[in-house]
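Just below is one structure, and these are the notes that go with it.
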Amino acid sequence: MASTLFTKMLLGQRLIHPYSFLTHQPQILSSLFSKRLFCIRAVPVSAYTSQNIKTTGWAPCMASSSVGRRATYSTQSVSTNEPVVSVDWLYDNLKEPDIKVLDASWYMPDEQRNPIQEYQVAHIPGALFFDVDGIADRTTKLPHMLPSEEAFAAAVSALGIENKDDLVVYDGKGLFSAARVWWMFRVFGHDRVWVLDGGLPRWRASGYDVESSASSDAILKASAASEAIEKVYKGQTVGPLTFQTKFQPHLVWNIDQVKKNIEDKTHQHIDARSKPRFDGAVQEPRKGIRSGHVPGSKCIPFAQLLDSSQTLLPADELKKRFEQEGISVESPAVTSCGTGVTACILALGLHRLGKSDVAVYDGSWTEWGAQSDTLVDTS
């Protein structure tokens, strides 16, 4: 049932047409049709040579600010020690055959934004849609928890991703849910994955074109990924796998490990939620969740790791921010947040500082705050 609804959503069946949808979202309408950032009409061409790369398909109908610029990077020049790439780097490498781009947009429920519809309206050319809520564990009521290895491999294979691929993940807010998908791939053993610094907003602000509709191939792949997840959890056979997982257990923690850490204190626990939520001064957005924080944890709201354009702070500024809260980059760390999304931004920031082994507590406060036997501190 879920996959049928997902397919209808992608195909626009019985749903508001994407452009009609925009009339109810004036802020999106304004940004999409701002100067040089949105292309409704495209013309077919046999070659697109602004980067001296031969290809076939669709040429943008508006000139972007960097047309004519020659590529100065290669996929091999970017290190996995650096967790993000710039929009300029992606523009220069977008046509490389070994790069796949993923739109991993996800929004808080109270934002009332539909990531699938927004993907259809505007996305980076050639990007696939990665459903954060869909590619998740079906055996728990907790939101978008890490799926099983088999389920992840099936969904990612359905998207057409292979182990040899270099992945660039972005989202519609700048730097938000993309970090979650960056972490997911690393948990399953794929290190050649980066977050697009500043995301889709930075891409458009730089004058680069977006596609205004999803290709039939992208729609079918997104639907197939959703169906593959359901089949795995129902014990049904899935199609051939192009992606093999290699689980990295040290990158993900469960509730028992967090409980044990309260006593053992082997890891610094950093919470990415806002200070009022951490202190228990305000109610949690989800019903039935107590307010406060895990005893011994420290608070660094994820937004403090980003600048005004939603790009990751330079290493020296990140280090200063962590040190201000008494976090040592030399000591082990685990991060958490509300539902395991923004905790990954803290892991991303620590990765820039050379800490590639940061664990994320997947259940985070939604799990911890709902339990009757977990300790809760307030400030």
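This structure is a prediction, so every number in the text was calculated from the model and none was measured. These values consider heavy atoms only, across backbone and side chains, with no hydrogens, waters or symmetry-generated copies.
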Just by distance, with hydrogens left out, do Arg138 and Tyr233 show a side-chain donor and acceptor under 3.5 Å apart? no

Do Ser105 and Asp103 have side-chain N/O donor and acceptor atoms under 3.5 Å apart? yes

Mind checking side-chain hydrogen bond (donor to acceptor under 3.5 Å, both in side chains) for Asp373 and listing every partner two or more places apart, or none if nothing turns up? Lys259

How would you list, by chain and number, every residue that makes a side-chain hydrogen bond (donor to acceptor under 3.5 Å, both in side chains) with Glu149, sequence neighbours excluded? Thr245

Do you reckon Val169 sits in the same ILVMFWY cluster as Leu200, going by side-chain contacts under 4.5 Å, direct or chained? no

Do you reckon Ile300 sits in the same ILVMFWY cluster as Phe278, going by side-chain contacts under 4.5 Å, direct or chained? no

Taking all atoms of both residues into account, what is the closest heavy-atom pair of Leu305 and Ile345, and its distance? CD2-O, 3.7 Å

Between [X] and [Y] (salt bridge meaning N to carboxylate O under 4.0 Å), is one present in this structure?
X      : Y      : value
Arg273 : Asp271 : yes
Arg290 : Glu284 : no
Asp217 : Lys221 : yes

Spatial distance of atom CG (Leu318) from atom CG (Leu313) [nearest 0.5 Å]: 5.0 Å

Separation between CD of Glu325 and CZ of Arg321, rounded to the nearest 0.5 Å: 4.5 Å

Name of the residue among Leu94, Leu90, Ile124 meeting side chain to side chain contact (heavy atoms under 4.5 Å, CB included) with Val168: Leu90

Tell me, yes or no, whether the heavy-atom count around Lys164 atom NZ, taken from other residues, nucleotides or ligands under 6.0 Å, exceeds 12. yes

Does CD in Gln324 sit with more than 12 non-hydrogen atoms of other residues, nucleotides or ligands closer than 6.0 Å? yes

Taking the ring centre of each residue, are Phe185 and Phe152 less than 6.0 Å apart? yes

Show, in sequence, the C-alpha distance, side-chain angles and deciding distance for Ser148 and Asp137, and conclude whether the side-chain hydrogen bond (donor to acceptor under 3.5 Å, both in side chains) test is met. CA-CA 7 Å; Ser148 67; Asp137 186 356; over 6 Å; no

With Gln236, which residues qualify under side chain to side chain contact (heavy atoms under 4.5 Å, CB included), at least two apart? Lys231, Lys234

Could you list all the side chain to side chain donor-acceptor pair (under 3.5 Å) pairs where at least one residue sits in residues 336-347, not counting sequence neighbours? His144-Thr339, His269-Ser336

Besides Tyr361, the hydrophobic cluster formed by Ile, Leu, Val, Met, Phe, Trp and Tyr side chains linked at under 4.5 Å, directly or via other members, contains Trp253, Ile255, Val258, Ile262, Ile289, Val294, Val334, Trp365, Trp368, Val376

Does anything in residues 139-148 pair up under salt bridge (Lys or Arg N to Asp or Glu O under 4.0 Å), and if so which pairs, sequence neighbours excluded? none

State, with a plain yes or no, whether a side-chain heavy atom of Arg286 is found less than 4.5 Å away from one of Pro143. yes

Of Phe130, Phe129, Trp106, which is the lone residue that meets ring pair (Phe, Tyr, Trp, His ring centres under 6.0 Å) with Tyr119? Phe129

